[in-house]
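Notes follow the structure.
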Amino acid sequence: MFGKKTKLLAAARGNDVAGVEKYYMKRSNCLDACIEAVKNDAPDALQKLLEINKGFHFAIDNPYDDSRRALQLFAAARDCSASEKIVSILYDMNRTKCRGYNINRELMMPNTPLYAIKDCLESAPAAGHLHIDFDTCVNQTGLASTEKLTLILSFKPEGAEAQRTIDNALIAVAAKGDIEKAELLLRHGANANYAAGQSLKVAGECGQYAMVELLLDHVALDIHGQAIAMRLQNMETYPAAARRVADAVAAAIKDGARAAPRAAPAAAESEGNYTRLDSHTLEERQTLSDGGTLTALFNFASGQQHILFTDRNGNGQTPVVVPFRDIDEKLLSALREIFDALAAPQPEKPANDAAAGGKLKTSDVAARIKKSGL
């Protein structure tokens, strides 16, 4: 018996279909042979093994055990970066000759073929949730191929989780200098300002000069630029990248100062310490007793607060990022009210309008926040 298994494993490794048929053994012996075929890129032997075995029926009569062993096979394929042909055989066998084990998550690997990715994504329940989570698709498969990433992004669900996935994906491709994927992610809404411009920072740290040039146009340099430039200058690894970022930051600050008189926000877009910067960001700016500035940016699209300290000489520290889930709900609600109130100019109201049930002015909201101690 031992000699037969040895010959079966050798046939599987050598992609020997005739040997597989001659020495075939079922259950765990077949599983071991399938794993050998996967690891040695022997698609013909794998196909024959699974056909004789009628799919992933490696146990006697235990669906749970069958499923567990099938996952072992997929894990082996993922660990060895199995070829697309091997992955296709595993996927097709699961789809046509097995009990339909829920292995779509395990299927997501760099060499998963496009048709299998599409099938899995289209199998989403009617409720709109992906059968496999979007983060798994992007990171385990999409980042391996621009074509696959394009397909996966076309299925991007709504919500903060998916947004964080593509924001982090932008950071990953920035480090590798993959311009094509970075442009694709940006077109699908990736936020280069996520985590205080982390994508630009890692591009500079890795010496990805073309990526730095691309991201300079997408990062709010007047907010995050100084901290990024300081980090790159302190590293001294890629001085040219550090100089390029520092020059761009200086130009952005200079242009901002020059344009300030013309670009001052309208009265309805600024109230007290609060300013509505764009369609999803509220800024709170405080001047400290030592002359420094504390700026908090509340991004209602990404669900994050960015806190930036700048000393009186204009030197910024690395921003702190706080997810909204860690912020008091009452405070967030009040900030959202300020944000909405700054959306458009409001007509003047009599002093007793609020008492009569009229809409609160933004100054009233800000005063209420201060009074409540939030």
Side-chain angles (χ1 to χ4, degrees), residues 78 104-110 112 117 120-121 124 129-208 210-221 223-225 227-228 231-232 235 241 245 278 280-281 297-308 318-327:
R78 187 169 57 251
N104 288 346
R105 180 184 177 91
E106 282 67 30
L107 176 73
M108 290 298 116
M109 55 189 84
T112 301
I117 298 171
C120 290
L121 291 171
H129 301 293
L130 289 178
H131 192 48
I132 47 177
D133 67 85
F134 182 69
D135 186 80
T136 298
C137 293
V138 170
N139 288 294
Q140 293 186 190
T141 305
L143 295 185
S145 160
T146 302
E147 186 179 20
K148 293 173 184 177
L149 183 60
T150 301
L151 171 63
I152 292 168
L153 289 176
S154 70
F155 285 86
K156 177 180 175 287
E158 298 296 329
E161 289 297 328
Q163 183 64 44
R164 276 193 289 273
T165 292
I166 64 172
D167 291 345
N168 281 307
L170 179 62
I171 295 172
V173 300
K176 296 180 179 179
D178 195 328
I179 295 292
E180 190 175 28
K181 291 190 184 74
E183 291 176 335
L184 176 61
L185 287 162
L186 289 167
R187 287 198 300 272
H188 280 82
N191 181 10
N193 290 298
Y194 173 73
Q198 183 77 358
S199 56
L200 175 59
K201 183 175 80 72
V202 300
E205 289 174 345
C206 296
Q208 304 294 354
M211 184 65 70
V212 167
E213 289 295 337
L214 171 66
L215 294 174
L216 283 173
D217 291 333
H218 294 274
V219 173
L221 297 177
I223 299 172
H224 307 304
I228 296 172
R231 167 67 176 171
L232 297 179
M235 285 187 65
V245 173
D278 52 36
H280 52 259
T281 308
L297 300 176
F298 301 91
N299 190 306
F300 293 97
S302 66
Q304 291 182 324
Q305 176 191 21
H306 290 219
I307 303 172
L308 175 65
T318 301
V320 176
V321 181
V322 181
F324 277 7
R325 64 175 177 270
D326 294 337
I327 300 176

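Being a predicted model, the structure only gives us computed values, none of them experimental.
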N/O donor-acceptor pair under 3.5 Å between Gln140 side chain and Met108 backbone: yes
NZ on Lys181 to OG on Ser145, rounded to 0.5 Å: 6.5 Å
Geometric class of the Phe300/Phe324 ring pair [parallel <30°, tilted 30-60°, perpendicular >60°]: perpendicular
Listed partners of Asn168 passing side chain to side chain contact (heavy atoms under 4.5 Å, CB included), at least two apart: Arg164, Ile171, Tyr194
Check: Val173 main-chain N/O paired with Asp178 side-chain donor or acceptor under 3.5 Å: no
Residues forming a side-chain hydrogen bond (donor to acceptor under 3.5 Å, both in side chains) with Thr150, sequence neighbours excluded: none
Working for side chain to side chain contact (heavy atoms under 4.5 Å, CB included), residues Glu183 and Ile179: CA-CA 6 Å; Glu183 291 176 335; Ile179 295 292; 3.7 Å; yes
More than 12 heavy atoms of other groups within 6.0 Å of Glu213 CD: yes
Between CG on residue Asp217 and CG on residue Leu186, distance to nearest 0.5 Å: 10.5 Å
Full working for side chain to side chain contact (heavy atoms under 4.5 Å, CB included) between His188 and Leu184: CA-CA 6 Å; His188 280 82; Leu184 176 61; 3.6 Å; yes
Distance in Å, Glu147 CD paired with Leu149 CG, rounded so as to fall on 0.5 Å steps: 11.0 Å
Within 6.0 angstrom of Lys176 NZ, more than 12 heavy atoms from elsewhere: no
Donor-acceptor pair, side chain of Thr141 and main chain of Met109, under 3.5 angstrom: yes
CA sep, side-chain torsions, deciding dist, call: Leu221, Ile228, side chain to side chain contact (heavy atoms under 4.5 Å, CB included): CA-CA 9 Å; Leu221 297 177; Ile228 296 172; 5.7 Å; no
Donor-acceptor contact below 3.5 Å, side chain Lys148 vs main chain Cys137: no
Short side-chain to backbone donor-acceptor contact, Gln305 and Phe298, under 3.5 Å: no
Test item: Asp135 side-chain N/O and Thr165 main-chain N/O as donor-acceptor pair under 3.5 Å: no
Criterion side chain to side chain contact (heavy atoms under 4.5 Å, CB included) on Asn191 and Asn299, from CA distance to verdict: CA-CA 11 Å; Asn191 181 10; Asn299 190 306; 4.0 Å; yes
